[in-house]
There are 2 protein chains.
Amino acid sequence: MEFDDKVPIYYQIKTVIYDRIIAGELAPGDKLPAVRQLAVSLTVNVNTVQRALREMIAEGVVISQRGRGNFVTDDPQIIERLRERLITQYLKQLYDQLHRLRISDEQMIDELTAYIEGQGDSNDNNAKN
Amino acid sequence: MEFDDKVPIYYQIKTVIYDRIIAGELAPGDKLPAVRQLAVSLTVNVNTVQRALREMIAEGVVISQRGRGNFVTDDPQIIERLRERLITQYLKQLYDQLHRLRISDEQMIDELTAYIEGQGDSNDNNAKN
DNA sequence: TCATGTGTACTAGCTTTCTATTACACTATA
DNA sequence: TATAGTGTAATAGAAAGCTAGTACACATGA
């Protein structure tokens with residue numbers, strides 16, 4: 001997998017896994033791939049995966065069971081809170097960014113609407129910078 | 001100034017200055033603060049400021065004049081292109097993030113609208129993570 | 001009990017980013 | 001011409017992140 005070299009890899013791994021959980025690809029109680037397996041599929045060192053997991057465990061989203069594996073928490077409330085936290089975080093980020101450019105609240109909606117209509121559901125991945 | 005420790009400082013400085021240019025606080029042709037002055041006001045080393053400037057100069061947004069200072073380009077077209085690039089970049093970022101969470105195009109607009117109505121034009125700066 | 005799959009810990013070395021410091025080049029002006 | 005303001009370059013060291021490799025702890029099942 002390709003990472004943004006402006007953000008620590010371990011942090012991006014955390015984001016990827018959280019995204020999968022919220023998207024429902026990883027359901028509550030599901031077993032995560034083994035750390036060594038994750039390391040291979042992400043083309044990354046085991047220690048880096050471990051660091052991402054450490055934070056997810058600390059946040060209560062992932063439960064670690066030595067010798068058995070890592071599991072998504074089976075508490076739907078925790079996942080729901082995570083979902084809201086992420087969405088708010090993303091929205092705030094955009095709001096602050098555009099606000100700094102002196103773009104008004106109404107314009108923000110218009111810009112986003114225009115962007116969506118332009119890009120539509122085409123899932124492109126160009127224009128990184 | 002406080003920086004996000006997940007992103008290189010020189011990169012955040014670039015963002016801050018670009019924002020000021022787009023916001024109009026720094027007009028085309030304006031002289032930037034001296035590098036040593038910027039370093040002090042940003043609580044950062046001169047080299048770090050210099051690195052940010054180097055990239056802005058390479059992108060043609062800032063013009064450097066040895067012995068005189070650094071200036072915002074006087075070409076409005078370059079600034080307009082920068083503005084569009086930044087806005088698109090920010091929008092794409094949000095779109096991709098929410099898309100990964102399986103949030104539909106319509107929901108995105110609704111969520112942003114709700115966020116704006118909630119936060120309004122109150123310029124808070126809490127909830128960073 | 002033993003082999004295998006799994007999580008965890010630790011050390012050493014590399015790279016990037018940032019800092020501190022010193023030095024030099026150019027401009028403007030008193 | 002001297003001085004102050006400015007940009008630029010270069011070195012050395014600290015800190016964070018990543019990798020590679022090794023080792024150990026625990027669980028499961030043949």
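Protein chains get the first letters and strands the later ones, always in sequence-line order, with residue 1 at the start of each. Here the structure is a predicted model, which means the values were calculated and not measured.
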Q) Should A:E80 and A:R85 count as an ion pair when the cut-off is N to O under 4.0 Å? A) no
Q.
Taking the basic N atoms (NZ, or NE/NH1/NH2) and the acidic carboxylate oxygens, is any pair closer than 4.0 Å for A:D96 and A:K92?
A. yes
Q: Kindly say whether, by distance alone, the side chain of B:D5 makes a donor-acceptor pair under 3.5 Å with the base of D:dA15?
A: no
In whole angstrom, what separates [X]'s [atom1] from [N]'s [atom2]?
X     : N      : atom1 : atom2 : result
A:N47 : C:dG13 : CG    : C1'   : 13 Å
B:R66 : D:dA4  : CZ    : C1'   : 16 Å
B:Q37 : D:dA4  : CD    : C1'   : 15 Å
B:R36 : D:dT6  : CZ    : P     : 8 Å
B:E55 : C:dT16 : CD    : C1'   : 13 Å
B:I9  : D:dA16 : CD1   : C1'   : 12 Å
A:R54 : D:dA16 : CZ    : P     : 14 Å
B:N45 : D:dA14 : CG    : C1'   : 13 Å

Is the phosphate of [N] approached by [X] (side-chain N or O, under 4.0 Å from OP1 or OP2)?
X     : N      : answer
B:R68 : C:dA28 : yes
A:N70 : C:dG7  : yes
B:T48 : C:dT17 : no
B:R51 : C:dT17 : yes

(Q) Quick check: on DNA chain C, is the nucleotide nearest A:V35 upstream (toward 5') of the one nearest B:Q65, or the reverse? Name the residue that is more 5'. (A) A:V35
Measuring from the side chain of [X] (C-beta onward, heavy atoms only), which nucleotide among [options] has the closest atom?
X     : options               : answer
A:P8  : D:dT6, D:dG17, C:dT8  : D:dG17
A:S64 : C:dT8, D:dT6, D:dT19  : C:dT8
A:Y10 : D:dC26, D:dC18, D:dG7 : D:dC18
A:Q50 : D:dT8, C:dT8, D:dT6   : C:dT8

Q) Which is it for B:K14 and B:E59 under the salt bridge (charged side-chain N to carboxylate O under 4.0 Å, His left out) test, yes or no, and what are the steps along the way? A) CA-CA 11 Å; B:K14 194 176 153 186; B:E59 292 175 16; 2.8 Å; yes
Q | Donor-acceptor under 3.5 Å (B:T43 side chain, B:M1 main chain) | A | yes
Q: Tell me yes or no: between the side chains of B:Q12 and B:T15, is some donor less than 3.5 Å from an acceptor?
A: no
